[in-house]
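Supplied in structure tokens, the structure appears directly below.
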Amino acid sequence: MIILIGGESHTGKTWLAQRLLEKYHYPYMSLDHLKMGLIRSNFPCNFTALDDNTYIAEQLRGIIKGIVDTCLENRQNLIIEGCYLPPHKVRELLHPEIIELYLIFSEVYIRNNFELVLNNENLTEQRKHSEELTEDFLVTENAMLKMACIAAKTKYFEIQTDYITEIKSVFDYIHERKSNDIAQ
């Protein structure tokens, strides 16, 4: 089973992947780690940490597909999380053993919880450098991702008011998909 968790910055992708690792004992890979590993290794990756996420996603697409294909061929479980999973490209990976989902914040959630979102940025990993984010930027990016998910017909979970309560539906969805896969 491959679980792909996409979403914009600060939506809890890494936190969710860590909780899934603890629950299912599936390893997880952060695409931020892959990106920075390529950059720091001086591998000719044609991007920098300052490049646009869309451009980086396109550069990583072949590597991500290769990892997913290898895990599927070897019947290995893996969770991949990151903002470099554009919905229209993830749809190209469709396979019964892939669960794809996106975490999105509603505008209301961002406006009412912006400080909380920023304060939770180091919940799972200790970031050396904090991103300079604004409410308006997060609202725009999450709204654009929601539209992309709708256009690509990919599953998304939009957090409206209470993250901890609403994220339970993500765990339920994954559990149900895993149970259906086991039954088949």
Side-chain angles (χ1 to χ4, degrees), residues 1-32 53-54 57 60 64 68 77-125 127 131 133-183:
M1 180 67 60
I2 308 294
I3 302 172
L4 302 174
I5 305 168
E8 293 300 332
S9 182
H10 289 70
T11 53
K13 299 174 301 294
T14 306
W15 179 86
L16 176 59
Q18 179 66 37
R19 299 294 85 72
L20 292 170
L21 168 116
E22 292 165 5
K23 181 173 182 164
Y24 295 117
H25 305 285
Y26 289 7
Y28 81 83
M29 179 176 71
S30 167
L31 294 179
D32 281 336
N53 285 351
T54 303
L60 292 178
I64 295 166
V68 168
N77 301 315
L78 182 63
I79 301 162
I80 300 175
E81 64 86 9
C83 61
Y84 309 111
L85 295 168
H88 66 285
K89 297 297 184 182
V90 166
R91 292 304 289 177
E92 295 173 3
L93 299 173
L94 276 185
H95 187 280
E97 293 182 38
I98 295 177
I99 299 172
E100 82 277 359
L101 64 94
Y102 290 83
L103 300 179
I104 297 174
F105 288 154
S106 71
E107 178 175 359
V108 171
Y109 184 82
I110 294 167
R111 300 280 185 218
N112 291 337
N113 297 282
F114 184 67
E115 288 302 316
L116 179 64
V117 168
L118 294 182
N119 290 338
N120 284 335
E121 76 177 348
N122 289 323
L123 207 55
T124 303
E125 58 187 355
R127 298 178 186 195
E131 294 179 61
L133 296 177
T134 66
E135 278 185 44
D136 290 337
F137 177 79
L138 281 181
V139 167
T140 300
E141 293 296 303
N142 279 270
M144 288 174 43
L145 179 58
K146 180 180 177 180
M147 289 188 300
C149 287
I150 292 168
K153 296 180 173 74
T154 54
K155 183 72 174 173
Y156 68 90
F157 293 85
E158 186 174 26
I159 306 300
Q160 300 284 339
T161 55
D162 181 353
Y163 190 91
I164 297 302
T165 301
E166 294 174 56
I167 202 73
K168 289 176 183 172
S169 64
V170 177
F171 287 101
D172 293 343
Y173 173 74
I174 292 170
H175 181 74
E176 180 181 316
R177 286 283 311 271
K178 281 180 52 45
S179 297
N180 288 343
D181 183 61
I182 291 169

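Along the sequence shown, the residues carry numbers beginning at 1.
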Flag side-chain contact, heavy atom, 4.5 Å: L103 against I159: no

Rounded to the nearest 0.5 Å, the CD1 atom of I64 sits from the OH atom of Y84 at a distance of 10.0 Å

Quick one: side chain to side chain donor-acceptor pair (under 3.5 Å) partners of T134, sequence neighbours excluded? none

Nearest 0.5 Å, please: how far is CG in N77 from CE in M1? 7.5 Å

Using ring-ring contact (aromatic ring centres under 6.0 Å, His included) as the criterion, list what pairs up with Y156, not counting sequence neighbours. none

Could you list the residues that satisfy side chain to side chain donor-acceptor pair (under 3.5 Å) with Y163, not counting sequence neighbours? none

Is T14 close to Y28 at the side-chain level, that is, under 4.5 Å between some pair of heavy atoms? yes

On a heavy-atom basis, which atom in I104 and which in C149 lie closest, and how many Å separate them? CD1-SG, 4.2 Å

Side-chain contact, heavy-atom cut-off 4.5 Å: V117 with I110? no

Donor-acceptor pair, E166 side chain versus T161 backbone, under 3.5 Å? yes

Could you tell me whether the side chain of Y102 reaches within less than 4.5 Å of the side chain of L4, counting heavy atoms only? no

For F114, ring-ring contact (aromatic ring centres under 6.0 Å, His included) partners two or more places apart: none

Could you pull out all residues at least two apart from Y109 that satisfy ring-ring contact (aromatic ring centres under 6.0 Å, His included)? F105

So side-chain hydrogen bond (donor to acceptor under 3.5 Å, both in side chains) across residues 136-148, not counting sequence neighbours, yields R111-D136, K146-E158

Partner residues of Y24 under the side chain to side chain donor-acceptor pair (under 3.5 Å) criterion, sequence neighbours left out: none

How about H10 and L133: do any of their side-chain heavy atoms sit closer than 4.5 Å? yes

Q160 CD to T165 OG1 distance, which is reported to the nearest 0.5 Å: 13.0 Å

Residues passing the side chain to side chain donor-acceptor pair (under 3.5 Å) test with N112, sequence neighbours excluded, are none

Neighbour count above 12 (heavy atom, 6.0 Å) for H175 NE2: no

When you compare the side chain of V90 with that of I98, does any pair of heavy atoms fall below 4.5 Å? no

Using side-chain heavy atoms (C-beta onward) and a distance below 4.5 Å, is K178 in contact with I99? yes

K155: which residues meet the side-chain contact (heavy atoms from CB on, under 4.5 Å) condition with it, sequence neighbours left out? F157, Y173

Of all pairs that satisfy salt bridge (charged side-chain N to carboxylate O under 4.0 Å, His left out), the ones with a partner from residues 83-92, not counting sequence neighbours: R61-E92, K89-E92, R91-E100

Salt bridge (charged side-chain N to carboxylate O under 4.0 Å, His left out) with E22: which residues, sequence neighbours excluded? R19

Sorted by chain and number, sequence neighbours left out, side-chain contact (heavy atoms from CB on, under 4.5 Å) with A148 holds for P87

